[in-house]
Amino acid sequence: MGLSKHRRLRRREEFRRVLRDGNRARDALLSITAADNGTPDSEPRYGFAIPKRVGGAVTRNRIKRRLRAIVNQTDHPRGWDYVIYAFPAASDATSERLAQSVETLVKRLRSGGRNRRTEQRARGPR
RNA sequence: CGAGGCGGACGGGCGACCGCUGCGGGUCGGUGCGAGCCGACCUUGUGGAGGAAAGUCCGAGCACCAACGGGCAAGGGCGCCUGCUAACGGCAGGGCGGGGCGACCCGACGGAAAGUGCAACAGAAAGAAUACCGCUUUCGAUGUGGGCUACUAGCCCGUUUUCAUCGAGAGUAAGGGCGAACGGGUGCGGUAAGAGCGCACCGCGUCGGCGGUAACGUCGGCGGCAGUGCAAACCCCGCUCGGUGCAAGGCCAAAUAGGGGGGCGUUAAGAUGAUUGUCCGCAUCAGCUCCCGGGUAGGCCGCAAGAGGUCAUGGGCGACCGUGAUCGCAGAUGGAUGGUCGCACAGGGUUGGCGGUUGAGGGAAGAAGGCUGCGAAGCCGUAAACCUCGCCGCGGUCUGGACAGAACUCGGCUUAUAGUCCGCCUCGCUGA
RNA sequence: GGCCCGUUCGUCUAGUGGCCCAGGACACGGCCCUCUCAAGGCUGAAACAGGGGUUCGACUCCCCUACGGGCUA
């Protein structure tokens, strides 16, 4: 299923911020990076990064659509942004396997606490 | 029935639930006197990928570069003819050449007597010459037989001859040999042997007639073979091409820096300028004057009516064109057009099931047998059960859609593509 | 999205139509040398991205495809 505009990451700046400050977890299919977006009450937002080596436009669109449908059906913590990166193995995976992958990775990120890198920088000088 | 050729259509269907996005409608909020504008949400409304959307290989529209102003040169592209088209390297028809029994298919198909270059190896010789073998002939040396018929013989020529061998020279491109290629071919004449040396036909060149808009075809005369191939080698000839690309370009407008635009006018010199170079021409640069926010991030426009689709009709062999009616047909921007499940239907694989088919092999010694022949021998020639493999139908079971995603828009080309359907045509076998 | 390049042994490269069944270096295999290893010597295997065309002949020239890279915000 689709995902409306305000729940997507839509700017280069937003992608850069999440990838720079977020925590990352990955398995054979996906790599998910999550970052606190500063407004705790907002719905979670998602961005997808699927490189060309995964396949042609048809394959990449299919993965993106499946991931959007999966993400729209699950409740992730509010106030976070996610960037989901796909590996080539994801092109052969079923929707069920992708959903499993997303669930375990997000769970692992939640147990990992708040943005590690932001906290480290806050403790340092400056 | 089998094998094939050409052209065309489709390329997943239905349902349930959950979603995305454009447009329309509605509600609410902000702003404004207001028309309105902006934003959020809702929606029993409506639209939402392709034949290639792809590769980015050509051609255009559109936009900007002050003016796509001219000449010369360079560079790129195209290349049988005629037409179609906005244009094209595309398409249609025709010509020529090649392939196929045929339907039909394929062809970068101008010029090699304008010039330059290249043609390895082999070979005597690869571009105007060449003699390796062979053939012929002259001279010299040595030897004495040689030819024909025929089968151990005969006939003829001759003893300054003839013939053989060797050496030296000349002629010869018919034959052998070399090679991708030796530069006309075949036949007859001719000759010491040969040769376009001569003749006929074919090819080639050239001149003329006729047919055709033309490419070209055809007929006749003349020439008498000089003149090999390669231009996807340089090149010549003809035609053609300004550059950049929607990240073009325009509008609104945080930040930052101080400038930007119009008009008049000097154009003497010089400089600059844009689109490959150069020349001419042109524009700008002085000064005066008038006007003004600027334009990055971001947003909006460009951005969906166009050389448009469908149907009918008329013209044309056709590409295509005219007329009429009718339709309204995607507009995303981290990038929508989908996700999950179910049901059928094509299709494919498999099968210890059922039924059919004799298609192949075994059974089967091509036996028995028959015919021809004096004979040796040769020719003709077949049945069944059953078994194995195969094929067809039904059933079971498993599988189950190819290539692929708009990014300013069109016209083409090229490439990828499971499977299904339709029309026309060709060849073979069989039946009526 | 648009515009341009490139592809030769495992790696880096040479090769401007025939002298190239493609040369060199490093790496690899075998043998010699040495007590052994290294170095050295001898020797071997190993490539024109794929398909089609032009040509007598293609790594080279032309076309298509695949892959890789660069510029453009």
Side-chain angles (χ1 to χ4, degrees):
Chain A
M1 306 168 195
L3 202 58
S4 57
K5 277 182 180 176
H6 70 281
R7 298 193 53 194
R8 281 181 261 155
L9 296 181
R10 304 191 61 193
R11 294 163 159 279
R12 185 174 175 76
E13 203 40 49
E14 294 167 342
F15 272 79
R16 281 238 306 269
R17 187 182 57 77
V18 171
L19 292 173
R20 192 182 60 232
D21 297 338
N23 294 330
R24 191 165 299 164
R26 70 176 182 203
D27 63 9
L29 299 180
L30 304 172
S31 168
I32 300 183
T33 306
D36 192 338
N37 65 11
T39 50
D41 289 337
S42 70
E43 293 187 75
R45 299 191 301 173
Y46 303 90
F48 302 94
I50 298 161
K52 254 188 181 167
R53 46 170 300 154
V54 170
V58 174
T59 307
R60 283 181 281 133
N61 273 339
R62 187 170 56 239
I63 293 170
K64 203 187 296 177
R65 285 164 181 157
R66 282 175 166 170
L67 288 173
R68 270 206 294 266
I70 288 162
V71 141
N72 203 33
Q73 279 177 325
T74 45
D75 287 330
H76 293 146
R78 300 172 88 80
W80 288 73
D81 291 342
Y82 300 89
V83 169
I84 303 180
Y85 178 96
F87 295 108
S91 60
D92 299 326
T94 60
S95 284
E96 200 178 345
R97 287 210 53 207
L98 288 173
Q100 269 177 14
S101 183
V102 169
E103 196 184 341
T104 58
L105 290 175
V106 168
K107 199 176 292 177
R108 213 187 297 166
L109 285 167
R110 289 173 69 179
S111 62
R114 303 308 267 181
N115 295 3
R116 180 175 296 167
R117 294 179 199 184
T118 335
E119 288 170 2
Q120 278 178 345
R121 276 209 323 221
R123 276 201 303 269
R126 200 194 128 203

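Each chain gets a letter, A, B and so on, in the order its sequence line appears, and its residues count up from 1. Just the heavy atoms: all of them, side chains too, but no hydrogens, waters or symmetry mates, feed the values below.
Taking every side-chain heavy atom of A/Arg66 into account, B/G339 is the closest of B/G335, B/G334, B/G339. With distances taken from any side-chain atom of A/Val58 to the nucleotides B/A406, B/A404, B/G334, the minimum falls on B/A404. Of the candidate nucleotides B/G335, B/A336, B/A406, B/A336 has the atom nearest to the side chain of A/Asn61. Across B/U337, B/U21, B/G339, the shortest atom-to-atom separation from the side chain of A/Ser95 is found for B/G339. The nucleotide whose nearest atom lies closest to any side-chain atom of A/Arg65 is, among B/G335, B/G339, B/G19, B/G339.
Between A/Arg8 and B/G335 there is a side-chain N or O to OP1 or OP2 distance below 4.0 Å. Between A/Arg68 and the phosphate of B/A336, there is a side-chain N or O to OP1/OP2 separation shorter than 4.0 Å.
Comparing the same atom, P, in B/U415 and in B/G90 gives a spacing of 13 Å after rounding to whole Å. Annotation: B/G95 and B/A215 have their P atoms spaced 14 Å apart (nearest Å).
Distance check, rounded to the nearest 0.5 Å: CG of A/Leu105 to CD1 of A/Ile32 gives 4.5 Å.
Ring geometry for A/Phe48 against A/Tyr46 counts as parallel: the plane angle stays under 30°, on a 0 to 90° scale with 60° as the upper cut.
Anti is the conformation of B/G366, whose glycosidic angle sits further than 90° from 0.
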